[in-house]
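Comments concern the structure below.
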Amino acid sequence: MRYIPSPIPLRFEYVYSATANQSGRMQYHKIKPGHSKLRISRTEFIKAYNDLPIVAINPMQLKGHDAVFQFEFYV
């Protein structure tokens, strides 16, 4: 999957990320850029994804791990 960055600067308050740790387990975070990074539950991540207005999505693929799906979304 190719990521094409937007030429327009984005205005967002939070970044939600779903990333795999070294053992392959998913970790979910709510990030306020320049301020904090808070680990959240999978349920809270899914609720944010379904309910908040998403400005952009950034897929992140690990080299050599095609089966691991990670991404960030900006609200």
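Computed from a prediction, not measured in an experiment: that's the story for all the values here. Side chains are part of it too, since the values below use all heavy atoms of this structure and drop only hydrogens, waters and symmetry mates. Residue numbers start at 1 and run along the sequence shown.
Residue Lys47 places its NZ atom among 12 or fewer non-hydrogen atoms of other residues, nucleotides or ligands, all under 6.0 Å distant.
In this structure, Ile31 CD1 and Tyr74 OH are separated by 8.0 Å, a value rounded to the nearest 0.5 Å. Taken from CG in Asn58 to CD in Gln70, the straight-line distance is 10.5 Å, to the nearest 0.5 Å. The CD1 atom of Ile57 sits 11.0 Å away from the CD atom of Glu72 when rounded to the nearest 0.5 Å.
Here the closest heavy-atom approach between residue Leu52 and residue Val75 is recorded as CB-CG1, 3.8 Å. Of all non-hydrogen atoms in Ala18 and Phe45, the two that sit nearest each other are CB-CZ, 3.7 Å.
In summary, the aromatic rings of Phe73 and Tyr49 are positioned with their centroids under 6.0 Å apart.
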Stepwise side chain to side chain contact (heavy atoms under 4.5 Å, CB included) check, Ile46 with Tyr28: CA-CA 10 Å; Ile46 292 169; Tyr28 305 94; over 6 Å; no

Evaluation steps, side chain to side chain contact (heavy atoms under 4.5 Å, CB included), between Gln27 and Arg39: CA-CA 7 Å; Gln27 294 184 347; Arg39 189 162 177 190; 3.6 Å; yes

From CA spacing to verdict: side chain to side chain contact (heavy atoms under 4.5 Å, CB included), Ile40, Tyr16: CA-CA 9 Å; Ile40 60 173; Tyr16 287 83; 3.8 Å; yes

